[in-house]
Structure formats: C-alpha cells, structure tokens
There are 2 protein chains.
Amino acid sequence: MPSDALSATFAALADPTRRAILARLALGEASVTELAQPFAISLPAVTKHLKVLQRAGLVSQGRQAQWRPCKLEAEPLQNAAGWIEQYRRHWEQRLDQLDDYLRELQAQDGGKPQG
Amino acid sequence: MPSDALSATFAALADPTRRAILARLALGEASVTELAQPFAISLPAVTKHLKVLQRAGLVSQGRQAQWRPCKLEAEPLQNAAGWIEQYRRHWEQRLDQLDDYLRELQAQDGGKPQG
DNA sequence: TATTTATTTAACCACATAGTTAAATATACA
DNA sequence: TGTATATTTAACTATGTGGTTAAATAAATA
C-alpha cells in the first residue's frame, strides 16, 4: 500500500476509466453525472474513481447546489512527468551506444553480471 | 484489472520498490539478488516485482549460467511520458491565464480585467 | 553424484481495488 | 411539507497485489 505522492499519482493513472475522466476534465469542469455518462458503470463506481483521483490530488471538487463540479488539478502530473523524463535517454538511445560499449568492456573480463 | 499497455506501465510505476529497481537498472544490468540487496524484502517478493515490470515491458531478463540478468527496457515509458505531456499546459498555466481571461470575459460580459 | 548458489513456484495471508445494489444525504423546487 | 435530482456511503463480492515461508528448479562445482 504505497502512499507516497508519486505512487498515488501513477496508481491513479493506471486505470483507463480514470484517464478518460481526466481527459474529459481537461476540457473543463463537469459534474459527477456528466463524468459517468460515457461509461457503462454505476455512479458509485465513478465516485470511487474520483476519490482515487482526489487522493492523488489530480481532481478537486467544488459545490454548486446539489452538484459537485469536478476540476482537473494537473500539478501532480508534473512530478510524474519529471520522474519519467529521467529515463528519456534510455529510450532515445542517444547514449545507448555508450552503454553498449561499456557492457562490452565488462563482458571481456568475466562472465558474471556484477554491478 | 486493466490490461492495456499504458495501464500496465503506470501500474508498474506505482510502487516505490519497482521505481527503485528501475533506477538501479538504469545504471546497468543486474542479477535478481543484486536488485534485491537494498531492500528489506524476500527474494520471491523481488521476483514478483520483476514479473510486474516484465509484464509492462519495462524489464527483460537474459540467461547467464544460474543468473538471470535483468535489463531496463525504457520504451514503454515513452508512451507514458507522451500521455502525461498532453496535460503540460494545465500545470504550466501559460495558457491557463488565457483561460481565466476568457472566462472572465464571459462572466463580466464586457468588463476589462487588469493585467 | 552430491552440494552450493541463484531464482522461481506454490500456498498462504492481509489488504486494496473495482464493481455491484440499496440506502442515506444534500439541495432545489412545487 | 413533500418530492425530485445529484451524489455519497454502506455492505457485499471477486480479484489483484505485496508480502511471507517452504519447496522446486537450474546451473556450476567439489
């Protein structure tokens, strides 16, 4: 049960329904019923998804009569993006050739993987 | 149990132990025992974490005698980064001020805001 | 062959998550 | 006041996750 902020953010993003909710909120505020409309799940299920998103700080909820309009709060995504960006060089293989070179050097003086 | 690639990637990142494993592998290949060493958890627990990472395509495992050296495969992070990047303008509020301005125009119906 | 080392699998536990339906709450309105 | 609408909470089920210990598997070595 990881409860740090980054883990909560990634966990919240690890569900397609919640990502769709965020995508909808990126267009503007919406009520819970409006958010639920595209999905074939019950309203309590949507409430639960919203709780996960709120716990991650990705969504805030206001008050307007009996509606509780939901709003995107994108700041936590900044840390998530920052964490992932650290690995950009690994998928852009700019330095991967250096990695390969170092690995080859290692491979020449012994067989075992040893850090 | 979301099984699409993006969900699997985010789910894999939603655990600090797994993020630490990826950080270690960013420095180079490592055996399971080496990966387990910094953590106060059993080897089977590490094996399970590695399975999650492999299912997400973030780690691959080779064979070298009785060792199974693990290697970072960062490509799935590219999609994760891409998804998050869509929301960059929302946390960088470069355009948020324009949003606010437009909203204010609508609300005031002609009043000119400061700035 | 027997032993040691590295890793995985099996079986289990506690708990979180994603969903359900039914009931409770909050607000607007006739 | 009572009713309709919007949302949440409660209670429950099924499943996934993260951990354990004990046993099984794979490969090197004495």
Side-chain angles (χ1 to χ4, degrees), chain A residues 1-22 24-25 29-71 107 110-115, chain B residues 1-22 24-25 29-56 58-71:
Chain A
M1 48 187 150
S3 60
D4 63 293
L6 201 48
S7 298
T9 302
F10 282 131
L13 299 181
D15 184 282
T17 300
R18 285 194 291 267
R19 289 199 304 275
I21 287 175
L22 292 179
R24 167 63 187 81
L25 291 179
E29 300 193 6
S31 72
V32 177
T33 307
E34 283 171 338
L35 289 176
Q37 186 257 316
F39 306 108
I41 60 177
S42 66
L43 266 154
V46 174
T47 296
K48 286 189 180 184
H49 280 304
L50 288 172
K51 261 196 194 170
V52 174
L53 290 167
Q54 286 180 76
R55 214 170 46 205
L58 288 163
V59 161
S60 66
Q61 244 171 322
R63 289 233 165 200
Q64 207 170 123
Q66 68 255 235
W67 295 273
R68 268 148 221 147
C70 299
K71 190 182 158 196
K112 296 177 186 172
Q114 215 277 332
Chain B
M1 46 188 152
S3 60
D4 63 292
L6 201 48
S7 298
T9 302
F10 282 131
L13 298 182
D15 184 281
T17 300
R18 284 194 292 267
R19 289 199 304 276
I21 287 174
L22 293 179
R24 168 62 187 84
L25 291 178
E29 299 194 7
S31 72
V32 177
T33 307
E34 283 171 339
L35 289 175
Q37 186 257 316
F39 306 109
I41 60 177
S42 66
L43 266 154
V46 174
T47 295
K48 286 190 180 184
H49 281 304
L50 288 172
K51 260 198 194 169
V52 174
L53 290 167
Q54 285 179 78
R55 213 169 48 207
L58 288 163
V59 161
S60 66
Q61 243 170 323
R63 288 234 166 199
Q64 208 170 120
Q66 68 254 235
W67 294 272
R68 271 151 219 144
C70 300
K71 189 183 158 196

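Every chain is numbered from 1 and lettered A, B, ... according to where its sequence line falls, protein lines coming before strand lines. As the structure is a prediction and not an experimental result, all values here were calculated from the model.
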How many Å lie between [atom1] on [X] and [atom2] on [N], as a whole number?
X       : N      : atom1 : atom2 : result
A:Gln37 : D:dT7  : CD    : C1'   : 17 Å
B:Asp15 : D:dG19 : CG    : P     : 6 Å
A:Gln64 : C:dA26 : CD    : C1'   : 15 Å
B:Leu13 : D:dG18 : CG    : C1'   : 17 Å
B:Leu43 : C:dT5  : CG    : P     : 14 Å
B:Phe10 : C:dT17 : CZ    : P     : 17 Å
A:Lys51 : C:dT17 : NZ    : P     : 11 Å
A:Gln66 : D:dT7  : CD    : P     : 8 Å

Look at all strands and tell whether [X] reaches a base, only sugar-phosphate, or nothing, counting heavy atoms closer than 4.0 Å.
X       : answer
B:Ile41 : sugar-phosphate
B:Ala45 : base
B:Ala36 : nothing

Within-4.5 Å side-chain heavy-atom neighbours: [X] and [Y]:
X       : Y       : value
A:Leu58 : A:Leu13 : yes
B:Ile21 : B:His49 : yes
B:Arg19 : A:Ser7  : yes
B:Val59 : B:Leu22 : yes

| Given DNA chain C, 5'-ward residue of the pair B:Pro44 and A:Ala40, judged by closest heavy atom | B:Pro44

| Closest nucleotide of DNA chain C for A:Ala65 versus for B:Thr33: which of these residues is on the 5' side? |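 It is B:Thr33 whose nearest nucleotide is closer to the 5' end.
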
Nucleotide of [options] approaching [X] most closely (side-chain heavy atoms):
X       : options               : answer
A:Val32 : C:dA18, C:dT17, D:dT8 : D:dT8
A:Val52 : C:dT7, D:dG19, C:dA18 : C:dA18
B:Gln61 : C:dT27, C:dT7, D:dT7  : C:dT7
B:Arg63 : D:dA26, C:dA18, C:dT9 : D:dA26
B:Arg68 : C:dG19, D:dG18, C:dT7 : C:dT7

Is [X] close enough to [N] that one of its side-chain N or O atoms is under 4.0 Å from OP1 or OP2 there?
X       : N      : answer
A:Ser31 : D:dA6  : no
B:Ser42 : D:dT20 : yes
A:Thr47 : D:dT7  : no
A:His49 : C:dG19 : yes

| field | Least distance between heavy atoms, A:Val32 atom then A:Arg68 atom | value | CG2-O, 4.2 Å

| Quick check: are there more than 12 heavy atoms from other residues, nucleotides or ligands sitting under 6.0 Å from CD of B:Gln37? |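 Counting other residues, nucleotides and ligands, CD of B:Gln37 stays at 12 neighbours or fewer.
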
